[in-house]
Amino acid sequence: MSSGGVVEHFSYIVTVFLMVAGLYVVMARGNLIKKLVGLSVFQTSVYLLYIAPGKLIGGTAPILAPQYTVYSNPLPHVLILTAIVVGVATLALGLAITVRIRETYGTIEEDEIIAADNAVQVAEDVRS
Amino acid sequence: MSLSVHLPALQVVLPLLSAPLAVLLRHGGFAFAIVTAGAWAAFAIAIGLWLQVGESGTISYHIGSWPPPWGIEYRVDRLASFVLLLVSGIAAIVLPYSRASIEREVPRDLHYLYYAMFGLCLTGLLGIVITGDAFNIFVFLEISSLSTYVLIAMGRDRRALAAAYRYLIMGSIGATFIVIGIGFLYLTTGTLNLVDMAERLRAVESSRPVLAALAFITVGVSLKLALFPLHQWLPNAYTYAPSAVTAFLAATATKVSVYVLIRFWYSVFGESLIFEKLPLPQILLLLSLAAMFVASFTAIFQDNLKRLFAYSSVGQIGYITLGMSFDSVNGLNAAILHLFNHGITKAAIFLLIGGMVLGLAKAGAVPPAPTFDRLAGLAKRMPLTCFGIVIAGLSLIGVPGTAGFVSKWYLILAALEKGQFWIVGAILLSSLLAIAYVWRFVEVAYFKPAPEGTTRQEAPLSMLIPAWILVIGTIWFGLDTSFTVGTATEAAQQLVKVGR
């Protein structure tokens, strides 16, 4: 890619970097809070994917007036407002469940939770 | 009448209104009444819409009278009306059942929230089906998903929390993939209306963003519909969720995701892209076969009855996607049929298991997990419950006279039509695996000696009746197929005609 391409596609490059970084954190980290942080970054990158192409440099809001001819598309912003609400709700719910997991399991590390579940499973198997 | 014009909006709005009202009332009984009323109204409206579609064809409803593609369009065609019937019908049956079931499975002070979440989940699922707007699909998907996570986390076992968390992560990744896909489509076509989008996509060559959109949407939806090997969230979620929730989800949530996949593949991207230019049918065929065999095989070795049938669900979803992979009217017909038939069959099974665990519990205690060691000789104690599970189990296997047979019959017809006899063999072989896991239950419940002093003690009637309505439904739709096959065939023909 030429240097012009990098500048031209700057917003896409940032978007994809955030997307992949977020998804990586979700998969690679065992801490439930860190996973949620990764998920949040992943979801946020999508906001950028929608919003960046909606902006035309020098464009204004679509108001019909003789002095304006270049308009930015406002629809992506509206869509992403909804997506932000969804993202916040997901994060809040995820954190709430994490709190409950901390209360009942006493840990928020995924491998320790799995180990605790397996111990219960083994106990059930022995009993049967 | 003017009201009948607004049925598509009311379909979603009534259950949506019932949820906040349930929260405001803060009382289990009132919340139950209002959400159940909302679900029944939704079911009545779904019947009305089904009749309307039969009379006058596809309904297009413009929200706020803004014409598409600018405004949001609600679009009810044959397939949508069929899935709406399934979702609202199952909700109308599961809600009355919930009352007795969650009495012990969910702490009492959370009951009103349970009903509120149920109402929201129903709203989301109905909304996904009825909307004709791509971004709307995502929003409704998240409404149903978020409430589903809460419903699963309400299970008394602490593993329900871990299962809900895992589903939240996987489900959110899936939903985000879907938004990314929709974003690419929007950037390419400049529209969010599905019909408009399909027209514009047909006009342009399939460019790389379109293919990327297809990939993102397919993977995202596959996560939500638990296509093998993306089903990892499903077994634990189904096992530890409250029984009524498991029954509702097993019958509707994954089925609605299948609907979304059919909608995007056939109505938006079009068959020529999916089936002729890309190796998608081959990939789907392989994954479906893997689901049919691996998941069904895993089911045989489960000790928890709920988990056994959860794995069976993954296997049965394999049949649905197998039908889709054939790229023919018959194949799609079989997929839509199995979507419906498996929905009512699995709901019946999980409802009966809910009654069973309640009967296993000591007075006033939290119901235990339905593991096989607790089920010895259960048929003596709960003959109706066990007999119901056996009938529904026969439908899972595909025995003639049950609903499961009808959909497998059409699946085999579709395979024969393609001349692929080995797939027919695979379908029959995987049915043998279903016999194995259903037999495990029959053996323990009917042939193991019951503990000393067992008396007959069925689940309460308020749970037994809804479950048996569905059990009778599995027989009814196995004998009289005019409604199911008629609707599914019409839906399949409509979709294939649109796609060409």
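Nothing here was measured: the structure is a model prediction, and the numbers come from that model. Below, all heavy atoms of this structure are taken into account, side chains as well, without hydrogens, waters or symmetry copies. Lettering follows sequence order; numbering is per chain, from 1.
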Which atoms of B:Val179 approach chain A - backbone, side chain, both or neither, heavy atom under 4.5 Å:
both
Pick from A:Thr98, A:Ile97, A:Ile113, A:Leu23 with the largest number of heavy-atom pairs that fall under 4.5 Å of chain B:
A:Ile97
A:Leu93, part contacting chain B, at a heavy-atom distance under 4.5 Å
both
Do you know which of A:Val85, A:Leu36, A:Ile114 has the most heavy-atom pairs under 4.5 Å to chain B?
A:Leu36
The residue among B:Leu192, B:Thr191, B:Leu187 that forms side chain to side chain contact (heavy atoms under 4.5 Å, CB included) with B:Thr189 is B:Thr191
Chain A shares the most heavy-atom pairs under 4.5 Å, among B:Tyr149, B:Phe184, B:Tyr186, with B:Tyr186
Decide whether A:Tyr105 and B:Arg159 meet the rule of one side-chain donor and one side-chain acceptor closer than 3.5 Å.
no
When rounded to the nearest 0.5 angstrom, what distance separates CZ in B:Phe372 from CD in B:Gln302?
9.5 Å
Can you tell which of B:Gly183, B:Ala153, B:Gly190 has the highest number of heavy-atom pairs within less than 4.5 Å of chain A?
B:Gly183
Counting only heavy atoms closer than 4.5 Å, note whether A:Thr82 contacts chain B via side chain, backbone, both or neither.
side chain
Might you confirm whether atom CZ of B:Arg158 has over 12 heavy atoms from other residues, nucleotides or ligands at distances under 6.0 Å?
yes
Any idea which of B:Val139, B:Ile143, B:Ile173 has the most non-hydrogen atom pairs under 4.5 angstrom with chain A?
B:Ile173
Side chain, backbone, both or neither: which part of B:Phe135 has a non-hydrogen atom closer than 4.5 Å to chain A?
side chain
Spacing of A:Met27 atom CE and B:Ile169 atom CD1 [to the nearest 0.5 Å]:
11.5 Å
Tell me, for A:Ala96 versus chain B, whether the close heavy atoms (under 4.5 Å) come from the side chain, the backbone, both or neither.
neither
So, B:Arg374 and B:Asp303, do they make that salt bridge, N to O below 4.0 Å?
no
For B:Ile180, is it the side chain, the backbone, both, or neither that has a heavy atom closer than 4.5 Å to a heavy atom of chain A?
both
Is there a side chain to side chain contact (heavy atoms under 4.5 Å, CB included) between B:Leu249 and B:Ile152? Walk through the geometry before answering.
CA-CA 10 Å; B:Leu249 292 184; B:Ile152 291 170; 4.0 Å; yes
State the CG-CZ distance between B:Asp133 and B:Phe138, to the nearest 0.5 angstrom.
12.5 Å
